[in-house]
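None of the values given here were measured: they were computed from a predicted structure. Just so you know, ligand 1 is whichever comes first in the structure, and atom 1 is the first atom listed for that ligand.
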Amino acid sequence: MISLTIDIQVLILPFLTSTSLISLSQTSRHFRQLIDSQRKDFVNRLLELECTPECGGEVTINDHAKIVIPLGTVSYACTNCLKIIPHTHFDNHALLRLRLRKPPPESRVSQQLCGWMSGDAKAQGLKRQIDLRNDTLSNWMCQNSSSGIPASKLLELYKIGSARNRRICNECKFITGFWSRNAGIRSQSWRGKHRNSNIGTAAVPVVKGRQRRCHDSTERYFPGLFPIAADAEYPWRWKIYREENCDWWTLWSIRCPGCAIWQERAGFRKGGGYGVKATPADPDGWRQPGWDGPHFEEWRCNRCFAKSLGKEQLGRELLAFWKRLVDWELSMFNQLLRVGWYAVDAIEDATKKKYSWAQIVKRDSVSSQLLRKVPTAEEVAKMEFEQRRHYYRILKRWLNNLDDPAAVLGDVMDRHWFRQWSNEYEILEKRIEDLETYTNILEADSGKLVSFALDRYSSLV
Ligand SMILES: [Zn+2]
Ligand SMILES: [Zn+2]
Ligand SMILES: [Zn+2]
């Protein structure tokens, strides 16, 4: 290229990508002076780079309308600090709005070249005006009219990624005052039309992020502390309209007022163990007396907490946090263990007296024939773990011997969660035992929680 005359060089430069333009400008003094890279060229290069495979794919929304955490590294460009950084540094709008998304190769933006221009500012301004006039939607539609792509898709390809030069990371939004202009506790109300994602304050932004599928709140707030089992090993949860054994939990990025490092909400030992829908601006407990707001300015991340109050105190707090979550899960699971028994007495009516609980027990084995009185299902519901399991197994043997339990039992199947309960009873028991075992392990050594919080969980998603 250097051997070409400068007139030719000037003709070729606009047809380079921004990446090659900047690379070329770094090859010699001649090109550095000729090209004279501007900030916009560096921004455009970053926007080209974020679309390369090294930066991974995109943050996406799944069929459940949840913003999923992508697998592997997925990075995006911040056009303020001029860095390519992991997606966790951005709020959802910065990655998901059409004009801020990574453009696919067939989009208008991906086909743009560096647009380098020679000449003085005035000449460049004129050239830019002409380009803008040509770069219209109707021209784009005309150019692609024979492509076979439907018009709605073409419109999307015209827009996608076109405002990425305005995408900035959470920290840059803090520095430039974006969050303080868009702060507002409880702006997330389900009926609200608020588009901003900061429910914190001007000084301590609390920004909505991706959503993670977790089987319970201990997994949500202590991810990976204990191994996560196969999906089938988790019992169903209490849900009215859905049969699922997990919830989608929203992750929150909070700028710790102690160390100014953005961290996930789980790094602050707070969280509504009572519900998936609770935001960091809600109280930790259900109807907590005397609660008068989240006071984000007093929140401290685990590391700041350990620095000022010591690791032992951190261990105590984390253990208390863990136990609060486990207590809530256990009380729910224990209720679920009991719930199906309340449908069992209805078997007699549903089968027109063909079967009854007392008969089912007596016919099960010789030893139960000797029972003077068969406990009612409601009495069984209130029994201790082991004793109750004995009766559950009798019921389960009977169910397993029926050709078609649903036909025999009719609407009993749908009462008191009988269907899930009768299938997953032992999974529930196992999960309760696991959670109790984990608590015992942590009570014996809360140092496990401290090292988890300080080492493994220090770079939070
Ligand atoms: Zn930035
Ligand atoms: Zn901190
Ligand atoms: Zn306050």
May I have the angle between C259 SG and C256 SG with its vertex at the Zn ion (ligand 2), rounded to 10°? 110°
Give, rounded to 10 degrees, the angle between SG (C301) and SG (C304) as seen from the Zn ion (ligand 2).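 The SG/SG angle about the Zn ion (ligand 2) sits at 110°.
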Does the pair E219/R212 count as a salt bridge with the N-to-O cut at 4.0 Å? no
Would you kindly check if the NZ (Lys) or CZ (Arg) of R269 is within the cone defined by 45 degrees around the ring axis of F305 and under 6.0 Å from the six-membered ring centre?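 Positive - R269 is close enough to the ring of F305 and near enough to its axis.
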So, is the end of the K102 side chain (NZ or CZ) under 6.0 Å from the ring centre of Y76 and within 45° of the ring's axis? yes
Taking the six-membered ring for Trp and the full ring for Phe, Tyr or His, determine whether the centres of W236 and W421 are under 6.0 Å apart.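 No, they do not, as the ring centres are separated by 6.0 Å or more.
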If you stand at the Zn ion (ligand 1) and look out to SG of C78 and SG of C81, what angle do those two lines make, to 10°? 100°
Counting backbone and side-chain atoms alike, does H89 have an N/O/S atom under 2.8 Å from the Zn ion (ligand 1)? no
